[in-house]
Protein chains: 2
Amino acid sequence: MTDDERIDQFDRKILSLLQADGRLTNNDLSERVNLSPSQCSRRRQRLEEEGFIRGYRAVLDRDRLGFSLVNVISVTLATHNRDNARNFAELLSRLPEVQEAHALTGEMDYILKVVTPDLKSLSDFVNGVLLPHDSVQHVKTAIVLETLKETSALPL
Amino acid sequence: MTDDERIDQFDRKILSLLQADGRLTNNDLSERVNLSPSQCSRRRQRLEEEGFIRGYRAVLDRDRLGFSLVNVISVTLATHNRDNARNFAELLSRLPEVQEAHALTGEMDYILKVVTPDLKSLSDFVNGVLLPHDSVQHVKTAIVLETLKETSALPL
DNA sequence: ACTGAAACTTCTGACGT
DNA sequence: ACGTCAGAAGTTTCAGT
């Protein structure tokens, strides 16, 4: 990490405010962090260029857009060699209903977070796409009854 | 659902583009959906007001900001009455390292996604905060070895 | 490094179709 | 419901401290 890739308290505050509201203007930012708008603009540009800010996203309402089901699916791979893992990763990258995929320590190989409109499309996904794939040996599906919290904000 | 809360193909396209890039200008939007800028502005405003768009967020780089560990924690509650569930929910709302919390069907009561800077702070969180709480009976911690995919985008 | 002002881009609301 | 246009707002660059 080179010296100019450090962040100070102003940067932290800017990041913190932007992850709460990605549309804050430089004017608004400047009032809250006590810097001039131009300085906020420059700092934000730096934070974007150096990769601290990966991007900006609109967060949509799942229910209102018809994705009523959230599912947590545990996956065990057929074999544990590198090729198989790559095949599985390639499969996931093509499946838009998979929002998250993490390789875990412990019994299960992978845990997926999947959104679907209803039980039929969940079943189609599990039995029609995931299970038939060569890389996959076993899956265990759990349905989310209630989401208490859901954010991508880091505790800065 | 009233009639004016429906969305058409233009709206879908706008939502889809904005969840990929929340900073798209109306000009850019208008070119990609083949509408005038003012029309995009109006539609976007409607989508925001009617709650299809819940907000805009900057997505930060976890690793660069020092949160190297992602953890998946399964929680079993001490008792399954409503008061206990409410106590647990209240606890979670005060813990910024918890990014997600879902109540599940199956053996486990809840699954949490938690980010921490290192193993010590993970241990502090599990043994110092989660386990001592009255509402909690048992937790099982798994560490994420690799994240293959992570998005909040809906498959519109 | 920061500020302030000027040049530029984007937004938005009134109006016409 | 949509597009055009002009006034308002926001962004960014640059000279100055």
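So you know, we letter chains A, B, ... as the sequences are listed, proteins then strands, and number each from 1. If you're wondering where the values come from, they're calculated on a predicted model, not measured in any experiment. Atom set for the values below is all heavy atoms of this structure, side chains included, hydrogens, waters and symmetry mates excluded.
Ionic pairing of A:K113 and B:E100 is present here: one or more N-O contacts between side-chain nitrogen and carboxylate oxygen are shorter than 4.0 angstrom. Note on B:R32 versus B:D28: no salt bridge recorded, every NZ/NE/NH1/NH2 to OD/OE distance being 4.0 Å or above. Ion pairing between A:R6 and A:E50 fails under the 4.0 Å rule for side-chain N and carboxylate O. Ion pair A:D8/A:R43 flagged as a salt bridge, since at least one NZ, NE, NH1 or NH2 atom sits closer than 4.0 Å to an Asp/Glu carboxylate oxygen.
When side chains are defined from C-beta on, A:I73 does not count as touching A:K140, because their heavy atoms never get closer than 4.5 Å.
The side chain to side chain donor-acceptor pair (under 3.5 Å) check on A:R94 picks up A:E90, with sequence neighbours excluded. With sequence neighbours excluded, the residues satisfying ring pair (Phe, Tyr, Trp, His ring centres under 6.0 Å) with B:Y110 are B:F88. Not a single side chain to side chain donor-acceptor pair (under 3.5 Å) links B:T105 to another residue, sequence neighbours left out. The side chain to side chain donor-acceptor pair (under 3.5 Å) check on A:S38 picks up A:S36, with sequence neighbours excluded. Residues passing the side chain to side chain contact (heavy atoms under 4.5 Å, CB included) test with A:T79, sequence neighbours excluded: A:N81, A:N84. Scanning for side chain to side chain donor-acceptor pair (under 3.5 Å) contacts around B:D109 gives B:H80, with sequence neighbours left out.
Once you apply a 4.0 Å limit to the heavy atoms of chain A, the touched nucleotides of DNA chain C run 5' to 3' over C:dC2 to C:dG4.
Regarding A:L29, its CG atom lies at a distance of 12 Å from the C1' atom of D:dG10, rounded to whole Å. Rounded to whole angstrom, the span from the CZ atom of A:R43 across to the P atom of D:dT11 amounts to 17 Å.
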Identify each atom pair where a protein N or O and an N or O of nucleotides 12-17 of chain D are less than 3.5 Å apart, giving names and distance.
residue: D:dT12; atom: OP2; partner: A:N26; partner atom: ND2; Å: 3.4
residue: D:dT12; atom: OP2; partner: A:S41; partner atom: OG; Å: 3.0

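Axis angle, first five pairs versus last five pairs of the helix from C:dA1-D:dT17 to C:dT17-D:dA1: 20°, rounded to 10°.
A heavy atom lying under 4.0 Å from DNA chain C marks none of the residues of residues 53-61 of chain A.
B:R23 comes within 4.0 angstrom of no nucleic acid atom, judged by non-hydrogen atoms across all strands.
Position along DNA chain C of the nearest nucleotide to B:N27 versus A:D8 favours A:D8 as the more 5'-ward residue.
Listed by first and then second residue, the ring-ring contact (aromatic ring centres under 6.0 Å, His included) pairs involving residues 7-43 of chain A amount to none (not counting sequence neighbours).
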Distance-only donor-acceptor hits, side chain of residues 129-139 of chain A, under 3.5 Å, sequence neighbours excluded:
residue: A:H133; atom: ND1; partner: A:S135; partner atom: N; Å: 3.3
residue: A:H133; atom: ND1; partner: A:S135; partner atom: OG; Å: 2.7

